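Here's the structure we're looking at; comments come further down.
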Protein chains: 2
Amino acid sequence: MSAAESPAAAPQTPWLTDDQQRIWRSWLSASSRVPARLGHQLQQDSGLSLQDYEVLVTLNEAPGGSCRITELATMLEWERSRMSHHLNRMDKRGLIRRYACPDDGRAQLVELTDNGHVALEKAAPGHVNAVRSVLFDALSDRDAAELGRITALIAAHLDNQSCTLSGKG
Amino acid sequence: MSAAESPAAAPQTPWLTDDQQRIWRSWLSASSRVPARLGHQLQQDSGLSLQDYEVLVTLNEAPGGSCRITELATMLEWERSRMSHHLNRMDKRGLIRRYACPDDGRAQLVELTDNGHVALEKAAPGHVNAVRSVLFDALSDRDAAELGRITALIAAHLDNQSCTLSGKG
DNA sequence: CAGACTTGAGTGACATGTCACCTGTTTACT
DNA sequence: AGTAAACAGGTGACATGTCACTCAAGTCTG
C-alpha cells in the first residue's frame with residue numbers, strides 16, 4: 001500500500017511493472033503486519049513492547065551478559081539516540097542497568113537486571129509461539145527457506161549500497 | 001535481531017530451530033531496513049514521510065479521487081485514530097482536505113489538494129527509483145516473484161487467523 | 001604538549017503511533 | 001416512535017522514534 005508506481009508516466013521514469021507492484025505491496029503488507037501482530041501479543045501477555053523484547057534478548061545473548069550501548073545499537077540496527085531514549089525508559093522500569101566501562105571512559109556498559117531476566121523468561125515462550133504461529137505456520141519448510149535466502153539477499157544488498165541513495169537509482 | 005528463540009529451553013516450549021532463527025532474523029532485518037532506507041530518501045528528496053506518501057498514493061488512486069477516512073485506514077491497514085492524527089497533520093500542511101459525506105452524516109471524505117497532487121508527482125519518480133534500487137535490483141525476477149508469492153501467503157495467513165493469537169499458538 | 005578530529009553517549013524539541021475514551025449518526029429491533 | 005447497538009470520526013495522554021545539537025573522553029599530528 002505504498003508506492004505510487006504509475007500515476008501518469010513521466011518522461012524518463014520507468015515505473016514499476018504490474019508484477020513488481022503486486023510484489024511490493026505484498027511485501028509491504030506482510031512486513032508491517034507481522035511485527036504489529038507480534039507486538040500486540042507481547043504487550044498483552046507480558047507488558048513488553050517488541051522493542052523491549054529485542055533489547056532483552058540481545059543483552060541476554062551478549063557474551064558476559066553485557067555490552068556497550070553503541071554495540072547494542074549496531075546489533076539492533078537502531079540509531080544511537082533511539083537506543084539512549086529506550087534504555088532510559090527500560091532503566092526506569094528496572095529492566096536494565098548501565099555502568100561505566102572500565103576500559104574506556106567514554107563508554108557505558110548495559111546489562112539486564114534480575115527483573116529483566118525474569119521478564120524475558122516469562123515472555124519468551126509466548127513470543128516464540130507467536131512467531132511460529134504468524135510466520136512459520138503459514139509456510140512450508142521450503143518456502144521458509146526461500147524467504148530466508150531472499151531476505152538475506154536484500155539485507156546484503158542494503159549493506160553494499162550503504163547510504164548511496166537519493167533520487168536516481 | 002528480535003526473538004529469544006532459545007534461552008535455556010523451558011519444558012513444553014518448542015523453540016525455533018537454528019534455521020528458523022536465521023530466517024526470522026533475516027526477515028526482521030530486511031523488513032525494518034527497507035522502509036527506513038526509503039523513508040530517508042523520500043524525506044531528503046521531497047520532505048515527505050513514507051506515511052505521507054502512502055496516503056497521497058492511495059487517495060490519488062481512489063476512484064473519484066476521494067474516499068472515506070475509515071476506508072482509507074482499511075486500505076493502508078492503519079488504526080483509525082492513527083489515520084485521524086495523520087490527516088490532521090497533512091491537513092495543516094495543505095496536502096489533503098476533508099469534507100462531509102453527502103450520503104452519510106457520520107462520514108467524512110478525504111481528497112488531495114492541488115498541493116498534494118504536486119507533492120506526489122514530484123516525489124514519485126525518486127521513490128519509485130528507490131524502491132527498485134533497494135528491492136528489485138537485489139533480486140532476480142524469479143526471486144522477486146518468489147518473494148511476492150511468499151509474502152502473499154503470510155498476509156493471507158494473517159487474514160485467516162485474524163486476531164486469534166495470545167501465548168499458545 | 002597543543003590543537004584538531006573522532007568517538008561514545010546523552011538531551012530537548014518535535015514527529016509519529018497507540019490506547020482509552022468521547023461525540024454524533026445511522027441501523028436494527030421491538 | 002423508542003431505544004440499544006453499531007458505526008464514523010475525533011481527542012488527549014502518553015509511548016516511541018528522529019533530528020540536530022551538546023559534552024566529555026580518546027586519538028592523532030605537528
Side-chain angles (χ1 to χ4, degrees), chain A residues 1-2 32-33 35-44 46-55 66-93 95-111 163, chain B residues 1-2 32-33 35-44 46-55 66-93 95-111 163:
Chain A
M1 300 296 164
S2 155
S32 73
R33 290 171 68 192
R37 192 65 70 81
L38 295 177
H40 277 122
Q41 175 271 324
L42 205 48
Q43 189 71 57
Q44 294 275 311
S46 325
L48 296 173
S49 70
L50 211 45
Q51 293 75 24
D52 297 332
Y53 189 82
E54 291 182 4
V55 170
S66 72
C67 76
R68 291 184 179 208
I69 292 181
T70 296
E71 197 184 341
L72 185 57
T74 303
M75 288 189 286
L76 292 171
E77 295 168 344
W78 288 11
E79 297 191 4
R80 265 178 323 166
S81 88
R82 175 183 175 186
M83 195 77 254
S84 194
H85 283 304
H86 204 89
L87 289 178
N88 277 337
R89 294 188 289 261
M90 292 182 74
D91 198 342
K92 273 177 200 149
R93 291 192 287 149
L95 295 169
I96 57 98
R97 171 174 35 232
R98 279 177 279 199
Y99 58 99
C101 175
D103 303 335
D104 186 337
R106 295 167 298 183
Q108 293 279 107
L109 297 175
V110 208
E111 64 179 11
C163 280
Chain B
M1 300 297 164
S2 156
S32 73
R33 289 172 66 190
R37 192 64 73 81
L38 295 176
H40 278 122
Q41 175 271 324
L42 204 48
Q43 189 71 56
Q44 294 275 311
S46 325
L48 296 174
S49 70
L50 210 48
Q51 294 74 26
D52 297 334
Y53 189 83
E54 292 182 3
V55 171
S66 73
C67 76
R68 291 184 178 209
I69 292 182
T70 296
E71 197 184 340
L72 185 56
T74 302
M75 287 189 286
L76 292 171
E77 295 169 345
W78 288 10
E79 295 190 5
R80 267 181 327 188
S81 89
R82 175 184 176 186
M83 195 76 255
S84 192
H85 284 302
H86 204 88
L87 289 178
N88 277 337
R89 294 188 289 260
M90 293 182 74
D91 198 342
K92 272 176 201 151
R93 290 191 290 150
L95 296 168
I96 59 99
R97 171 173 36 231
R98 280 177 279 200
Y99 58 98
C101 175
D103 303 335
D104 185 335
R106 296 168 298 183
Q108 294 278 106
L109 298 175
V110 208
E111 64 180 9
C163 281

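A, B, ... follow the sequence lines: proteins, then strands. Residue 1 opens every chain. No experiment lies behind these values; they were computed from the predicted model shown.
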Note, B/Arg82 side chain near B/Leu76 side chain (heavy atom, < 4.5 Å): no
Is the shortest side-chain heavy-atom distance between A/Arg93 and A/Asp52 below 4.5 Å? yes
Which nucleotide, [options], lies nearest any side-chain atom of [X]?
X        : options               : answer
B/His85  : D/dG9, D/dT11, D/dT18 : D/dT11
B/Arg82  : D/dA8, C/dT16, C/dT18 : C/dT18
B/His40  : C/dG8, D/dG9, D/dC19  : D/dC19
A/Arg98  : D/dA8, C/dG10, C/dC19 : C/dG10
B/Arg106 : C/dT18, C/dA13, D/dC7 : D/dC7

d([atom1], [X]; [atom2], [N]) in whole Å:
X       : N      : atom1 : atom2 : answer
B/Gln44 : D/dT18 : CD    : P     : 14 Å
B/Ile69 : C/dT23 : CD1   : C1'   : 15 Å
B/Met90 : C/dG17 : CE    : P     : 11 Å
A/Leu50 : C/dT18 : CG    : P     : 12 Å
A/His86 : C/dT11 : NE2   : P     : 16 Å
B/Glu79 : C/dC21 : CD    : C1'   : 14 Å

Once rounded to the nearest 0.5 Å, what's the spacing between atom CG of B/Leu48 and atom OH of B/Tyr53?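 Those atoms lie 9.0 Å apart.
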Whichever of B/Ser81 and A/Asp103 has the more 5' nearest nucleotide on DNA chain D, that residue is B/Ser81
Does A/Arg93 or B/Gln43 map to a spot on DNA chain D nearer the 5' end, using the closest nucleotide for each? A/Arg93
Phosphate OP1/OP2 of [N] contacted by [X] side-chain N/O (<4.0 Å):
X        : N      : value
B/Gln108 : D/dA8  : no
A/Asn88  : D/dT16 : no
B/Ser49  : C/dT16 : yes

Among side-chain atoms of B/His86 and B/Arg89, is any donor-acceptor pair under 3.5 angstrom?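 Indeed, the side chains of B/His86 and B/Arg89 share at least one donor-acceptor pair under 3.5 Å.
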Kindly indicate whether the side chain of B/Thr70 and the base of D/dC7 share any N or O donor-acceptor pair separated by less than 3.5 Å? no
Is any N or O donor-acceptor pair between the side chain of A/Arg80 and the base of C/dA9 shorter than 3.5 Å?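 Result: at least one qualifying N/O pair found.
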Test: B/Arg97 and B/Asp91 ion pair at under 4.0 Å: no
